[in-house]
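Model, not experiment: these values are computed from the prediction.
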Amino acid sequence: MSESVFEIHDWTLRVDDNMLCRPEREVYLEPRLVNLLRFLASHAGTVFCRDVLINEVWDGAEVTDQVVTQSIFELRKILKDGRNDAADYIVTVPKRGYKLVAPVRPLQVVSVVMADEQPASEANLATPSQPMVASDEHHSAAPFPAGPLTRAISTHARDGKSRRRMIGFDLFVALVLVTIVSLLSYQHASPQVHSMLDPGLLVFRFHSGIDGDNENVRLADGITRALMGEVAAATPLRVQYGATALMGGIRPGKELSVRVSRQPGGTYLDLEYRNINTNRVLFSHQYQISRHNVHEVLQESSQDLLRVLDQADATPGAGWPTDNGALMALMEAHYYTNKQDPVALRRGIELLDASLLAQPDQPLLLAERYLAGEALATLAGNPQSDHLQQIGAHLASVVQGDAVLPARVWEALTLQAILGGQQQEANRLLAQAAGRGRTVLYHILKGKLAELDGRPEVAGDAYSQAFLMEATEQTYLLCQRLGFYSNMETLAPALFNTLGQSKVKLF
């Protein structure tokens, strides 16, 4: 049985919590770093080469030597924690590998259960001896069963009739006690299920990286959402953005971690796909990324991920901007257009406007610009501007027939049709969007159309589904305000009672 808590010099590693702690300091570790540090701590002082670490820590998944090197680098930096005088934890043995040299002590987690009462033998020992009092010979025998209460009552029985009544009373008390014990045993045996893993639900989480660079944070968020769109379009999996986790209930059975970080050799994109149920890493890869190859890297990483998800024949990237600068701006704009701050929304719109200068007729850029403008107008409580209507009209003019385009394009056209009162056309466009993956915005638009069709139950279910995909107050308010006001108290009372006031966030 593997240990779950280790004391590593002045740190304590809690494997189950993905946490590394020392006095007044707690650091959350990604699962790959937790698994690596646990393995090294379990074999402290032993040298391991990269191949052995890949087999033991990553279970032989498709992992490059660079991923192992980067993981060791990150662990060293985290353990050192900015302390120049800190002792070495992990050392490199030339031409052999790595070993953990810090003192390690496995800690045993002990569960303490408080007894409800002392054992009978101890109770007897703890009770001083009481003098025996002789009783009248006619009252020395008590009827069976003779509990303390019934024995006291039985001693007052003077004739056979009273004695029979006491025996009946004893039997009644015994029956009540047996019934109570049976009920308690049944309740205790019933399973208490607080949460379940859903193998068909994949959560996407992005990490800022150890350098904390804001540009890398923005890029990681944009890539995360781009990969979500590709997985939703090409696989039967349901996707969830991992900014907010629901407590209990149904939890994702799979997880994709996305991280962009600057290293001595350049900037790298790290992907790690993990089965949460088995805690196995099924795919881990690192890609060097820059402003000049973002399209190539996004295409390659999407193909690798879809291949792991048994969709090797899928062709990702349909409808992406071909200009690297425009695509990079789009990735960064995603970060801003999903913020609740109007200033951030305007920054995202500025990036999208700049990208449209390079590709003015690009459908995805136009769709994102239109949706971001609608989010800002909804937030400010303003009607749709003439400029925004022109962008929507331009988008409709460049989309030809049933072209293979991202879901966002069809969602933007659907919203435009709803605002224009073209309900039948909106339903047709939303069906096109469903063919490219069902996103949060898809479910919100589905709810809006259901309201217009007079189907409040369908609308409430659609809004609830949107909230499950991204459980934020912003998603809730987008359900409430986008296009027209929806009475959430009537349509989805559970959400209405749960959430308070916030600002709008566009997924």
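- Counting only heavy atoms from C-beta outward, the side chains of I444 and T439 never approach each other to under 4.5 Å.
- Two rings, from Y463 and H443, have their centers 6.0 Å or more apart.
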- Would you sort out whether L445 and E411 count as a side-chain contact (heavy atoms from CB on, under 4.5 Å), showing the intermediate values? CA-CA 8 Å; L445 295 172; E411 289 165 355; 3.9 Å; yes

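- Closest heavy-atom contact between A102 and H9: CB-CB, 4.1 Å.
- Every residue meeting the side-chain contact (heavy atoms from CB on, under 4.5 Å) condition with A232, not counting sequence neighbours, appears here in chain and number order: V239.
- Side-chain contact check for L227 versus F206: every heavy-atom pair is 4.5 Å or farther apart.
- For A314, the side-chain contact (heavy atoms from CB on, under 4.5 Å) criterion is met by A234, L306, Q311, not counting sequence neighbours.
- At least one donor-acceptor pair closer than 3.5 Å links the side chain of K448 to the backbone N or O of L482.
- Using a 4.5 Å heavy-atom cutoff, the side chains of E215 and Y335 are not in contact.
- Taking the six-membered ring where tryptophan is involved, the planes of H285 and F283 are essentially parallel, since the angle between them stays under 30° and well short of 60°.
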- Message: Determine whether L37 and F6 satisfy the following criterion, side-chain contact (heavy atoms from CB on, under 4.5 Å), listing intermediate values before the conclusion.
- Response: CA-CA 10 Å; L37 186 54; F6 293 89; over 6 Å; no

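- Rounding to the nearest 0.5 angstrom, the gap separating the CG atom in L100 from the CD1 atom in I72 is 9.0 Å.
- Side chains of T337 and R346: no donor on one and acceptor on the other come within 3.5 Å.
- Not one N or O on the side chain of S71 forms a donor-acceptor pair closer than 3.5 Å with the backbone of L33.
- A distance of 6.5 Å separates CG in L79 from CD1 in I8, rounded to the nearest 0.5 Å.
- Partners of R25 under the side-chain contact (heavy atoms from CB on, under 4.5 Å) rule, at least two apart in sequence or in another chain, are W11, R22, V27, D81.
- T92 places no side-chain N or O within donor-acceptor distance of the main-chain N or O of P94, the cut-off being under 3.5 Å.
- Looking at E272, its side chain never comes within 3.5 Å of a backbone N or O of V258 through a donor-acceptor pair.
- Atoms CZ and CD1, from F73 and I78 in turn, are 10.0 Å apart once rounded to the nearest 0.5 Å.
- The existence of a salt bridge linking E74 and R259 is confirmed by a sub-4.0 Å separation between a basic side-chain nitrogen and an acidic carboxylate oxygen.
- Side chains of D10 and Y89: a donor-acceptor N/O pair is present below 3.5 angstrom, by distance only.
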Could you list the donor-acceptor pairs under 3.5 angstrom formed between side-chain atoms of residues 317-333 and any protein atom two or more places apart in sequence or on another chain?
residue : atom : partner : partner atom : Å
T322    : OG1  : Q359    : NE2          : 3.3
D323    : OD2  : G325    : N            : 3.1
D323    : OD2  : A326    : N            : 2.8
N324    : OD1  : V294    : N            : 3.4
N324    : OD1  : H295    : N            : 2.9
N324    : ND2  : H292    : O            : 2.9
E332    : OE1  : R218    : NE           : 3.1
E332    : OE1  : R218    : NH2          : 3.4
E332    : OE2  : R291    : NH2          : 3.0

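- Using a 4.5 Å heavy-atom threshold, the side chains of L356 and D361 count as separate.
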- Item | Derivation of the side-chain contact (heavy atoms from CB on, under 4.5 Å) call for V409 and L366 | CA-CA 8 Å; V409 175; L366 288 168; over 6 Å; no

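- For the atom pair OG of S302 and CD1 of I223, the computed distance is 9.0 Å after rounding to the nearest 0.5 Å.
- Between L352 and A372, the shortest heavy-atom distance links the atoms CD1-CB, 4.2 Å.
- H334 approaches G222 most closely through the heavy-atom pair CB-CA, 4.0 Å.
- Side-chain contact check for F48 versus K99: every heavy-atom pair is 4.5 Å or farther apart.
- To the nearest 0.5 Å, atom OH of residue Y442 and atom OG1 of residue T414 are 9.5 Å apart.
- Between the side chain of D17 and the backbone N or O of M19 there is no donor-acceptor pair closer than 3.5 Å.
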- Could you check D221 against Y241 for side-chain hydrogen bond (donor to acceptor under 3.5 Å, both in side chains), going step by step and ending with a plain yes or no? CA-CA 10 Å; D221 183 66; Y241 184 72; 2.4 Å; yes

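- The side-chain heavy atoms of R238 and L202, taken from C-beta on, include no pair separated by under 4.5 Å.
- Using a 4.5 Å cut-off on side-chain heavy atoms (C-beta onward), V281 and P31 make no contact.
- A donor-acceptor pair shorter than 3.5 Å cannot be found between the side chains of R32 and S284.
- I90 contributes atom CD1, which lies 10.0 Å from atom OH of Y98 (distance to the nearest 0.5 angstrom).
- Using modelled atom types and a 3.5 Å distance limit, the side chains of S4 and R14 yield no donor-acceptor pair.
- Between N293 and S290, the side chains place a donor N or O and an acceptor N or O closer than 3.5 Å (distance only, hydrogens not considered).
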- Task: In sequence, state the C-alpha distance, the side-chain angles, and the governing distance for E30 and D270, and then conclude on side-chain contact (heavy atoms from CB on, under 4.5 Å).
- Result: CA-CA 12 Å; E30 295 178 40; D270 287 280; over 6 Å; no

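- Evaluation of the salt bridge (Lys or Arg N to Asp or Glu O under 4.0 Å) test over residues 299-321, restricted to residues two or more places apart or in two chains, returns E62-R307, D304-R307.
- Checked against side-chain contact (heavy atoms from CB on, under 4.5 Å), E7 has the following partners two or more places apart in sequence or in another chain: R105, L107.
- Between R274 and K254, every side-chain heavy-atom pair lies at or beyond the 4.5 Å cut-off.
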